[in-house]
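This report refers to the structure that appears directly beneath it.
Order of listing sets the numbers, starting from 1, for every ligand and every atom in it.
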Amino acid sequence: MQSRHPTSAIVVGSGIVGAATAYFLAKRGIAVRLIDATAPAAEATGAADGAVSVASKRPGPMMRAALKGVALYGQLADEGLFAGAFKRRSTYIVASSEEECAVLEAHATALAGAGVRIETLTGANLTSRFAVLSPEARMAVEVHGEGHAIGYQIVHRLLSASGICVERGTRAERLLQDVGAERLTGIATNRGNLSADVVVLAAGNGSADLLGLSAVLTPRKGQLLVTERAPALNASMPGAIMSGRYLLSKGSQKAGHSAPARGLGLVIDPLVTGQFLIGGTREDFGDRQSNDIDAITRILTDAVTLIPGLASLRLLRSFAGVRTAVVDGLPLVGRIPGMQNGFIATGFEGDGICLGPITGKSIVQTICGETPDIDLSPFDPARFSSWGVAA
Ligand SMILES: Cc1cc2nc3c(=O)[nH]c(=O)nc-3n(C[C@H](O)[C@H](O)[C@H](O)COP(=O)(O)OP(=O)(O)OC[C@H]3O[C@@H](n4cnc5c(N)ncnc54)[C@H](O)[C@@H]3O)c2cc1C
């Protein structure tokens with residue numbers, strides 16, 4: 001039986017989830033080896049928008065987890081670890097059509113039911129609170145107490161604070177299992193075998209190959225844009241904008257490998273730099289190396305329709321990242337089925353910046369035999385039967 005307090009751990013993947021897991025392990029005095037096939041924050045974490053937000057979460061376990069996730073960001077900012085890297089602001093979910101208004105009203109009810117502080121704004125209230133918003137906006141729900149963080153900055157903070165050096169260019173190739181026991185002894189990598197008391201897989205889309213989960217995990221591309229600095233317009237936005245259609249695109253996105261789909265939902269985030277981050281798409285195809293003019297045109301058209309002042313800004317860059325989605329829309333967090341000392345944390349789709357730190361903390365609490373801060377039972381990997389753990 002595994003000790004409740006392991007002395008050594010291997011974490012595979014140095015995105016935000018792996019970095020947070022490594023940080024919380026190190027805080028307990030557990031010796032951590034954090035390996036990455038490429039480099040820290042090289043995948044989704046380095047190509048995300050960064051909304052630390054309950055506003056967009058599906059009601060239920062994701063919304064409850066996000067509440068804890070946002071609270072942890074606030075706590076770590078107050079304690080200094082995330083100071084200056086977590087910008088506190090509201091999210092305004094904006095509806096411009098009948099359909100969006102109906103979705104927004106239902107969502108506002110769910111948010112309020114979960115204990116989130118919201119305010120519904122229409123007419124003169126909306127215009128006075130958000131003067132730069134176009135008259136196209138019929139109503140908005142202000143979700144208080146949210147924030148924004150750049151994924152790679154958070155990874156840097158976590159790694160610097162824990163003194164962990166990522167072993168770059170080290171690809172996990174398979175798990176090593178104790179013959180006849182429900183235990184892992186370590187992992188095989190392109191640089192040789194590593195052993196430890198505990199193994200945590202936080203490898204994003206790389207988890208599919210390691211665990212035979214290609215029927216469960218789906219890569220989902222997103223395209224984002226960054227403008228030049230516009231301090232006056234930036235300062236006049238009291239928070240981020242999320243279109244009602246964003247909620248639709250997140251909830252209605254088809255999972256799995258069936259017909260290619262492209263969901264478009266608008267998010268406009270005024271960054272601390274004075275720039276704007278504008279997104280984005282949800283595409284179950286494509287690669288992270290490319291943006292396409294159709295997506296960029298549509299995102300910009302939607303953005304200017306809601307914030308006309310953006311029309312005069314220059315676009316500085318466009319980029320893309322690939323989320324890891326799970327077919328049932330919930331992440332995989334917990335024990336690898338049949339393995340006492342093997343854990344997985346992946347499949348956060350568009351929510352991993354928000355949920356990364358709280359997930360890392362909760363996995364470590366589970367490893368140490370404590371009750372985790374978030375209820376992990378809805379995310380239990382054992383809900384899927386197709387596990388091909390390579391031993
Ligand atoms: C366009 C876009 C916008 C987003 N916007 C938001 C947002 O606003 N808010 C939010 O909360 N989330 C957002 N997300 C989602 C968020 O970025 C992800 O959920 C999160 O970064 C996932 O982190 P991760 O650590 O699980 O995975 P990743 O960041 O993908 O990290 C996995 C790491 O594992 C490594 N790896 C893979 N395979 C192996 C292997 N075999 N061996 C060793 N290492 C391996 C990779 O190199 C990588 O560094 C967005 C994502 C995208 C793409």
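In this structure, G50 is part of the shell of residues with a heavy atom less than 4.0 angstrom from ligand 1. Ligand 1 lies nowhere less than 4.0 angstrom from a heavy atom belonging to G279. The closest approach between a heavy atom of T281 and any atom of ligand 1 is not below 4.0 Å. Residue A320 places every heavy atom at 4.0 Å or more from ligand 1. At a 4.0 Å cut-off, at least one heavy atom of E349 sits close enough to ligand 1 to count as contact.
Ligand 1 places these atoms under 4.0 Å from at least one heavy atom of T45: 20 (C), 21 (O), 23 (O), 25 (O), 28 (P), 29 (O). Which parts of ligand 1 touch L224 is read off a 4.0 Å heavy-atom cut-off, strictly below it: atoms 1 (C). Counting atoms of ligand 1 from 1 in the listed order, those under 4.0 Å from a heavy atom of G206 are 37 (C), 38 (N). The contact set between ligand 1 and T38, taken as ligand atoms under 4.0 Å from a residue heavy atom, comprises 47 (O). Less than 4.0 angstrom separates some heavy atom of G321 from each of these atoms of ligand 1: 53 (C). Close approach of ligand 1 to G222 (heavy-atom distance below 4.0 Å) involves ligand atoms 1 (C).
Using a 4.0 Å cut-off between charged side-chain N and carboxylate O, R138 and E98 make a salt bridge. A salt bridge links E370 with R28; the closest basic N to acidic carboxylate O contact falls under 4.0 Å. Ionic pairing of R298 and D294 is present here: one or more N-O contacts between side-chain nitrogen and carboxylate oxygen are shorter than 4.0 angstrom.
Scanning the protein heavy atoms around atom 8 (O) of ligand 1, the nearest turns out to be A51 N, 2.8 Å. Considering only non-hydrogen protein atoms, atom 2 (C) of ligand 1 sits nearest to A47 O, 3.5 Å. For atom 6 (C) of ligand 1, the nearest protein heavy atom (residue, atom name, distance) is G350 O, 3.6 Å.
Relative orientation of the Y92 and F130 rings is perpendicular, given thresholds of 30° and 60° on the angle between their planes.
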(Q) Could you go through T359 and K68, starting from their C-alpha distance and side-chain angles, then the distance that decides it, and tell me whether this counts as side-chain hydrogen bond (donor to acceptor under 3.5 Å, both in side chains)? (A) CA-CA 10 Å; T359 299; K68 296 268 176 69; over 6 Å; no
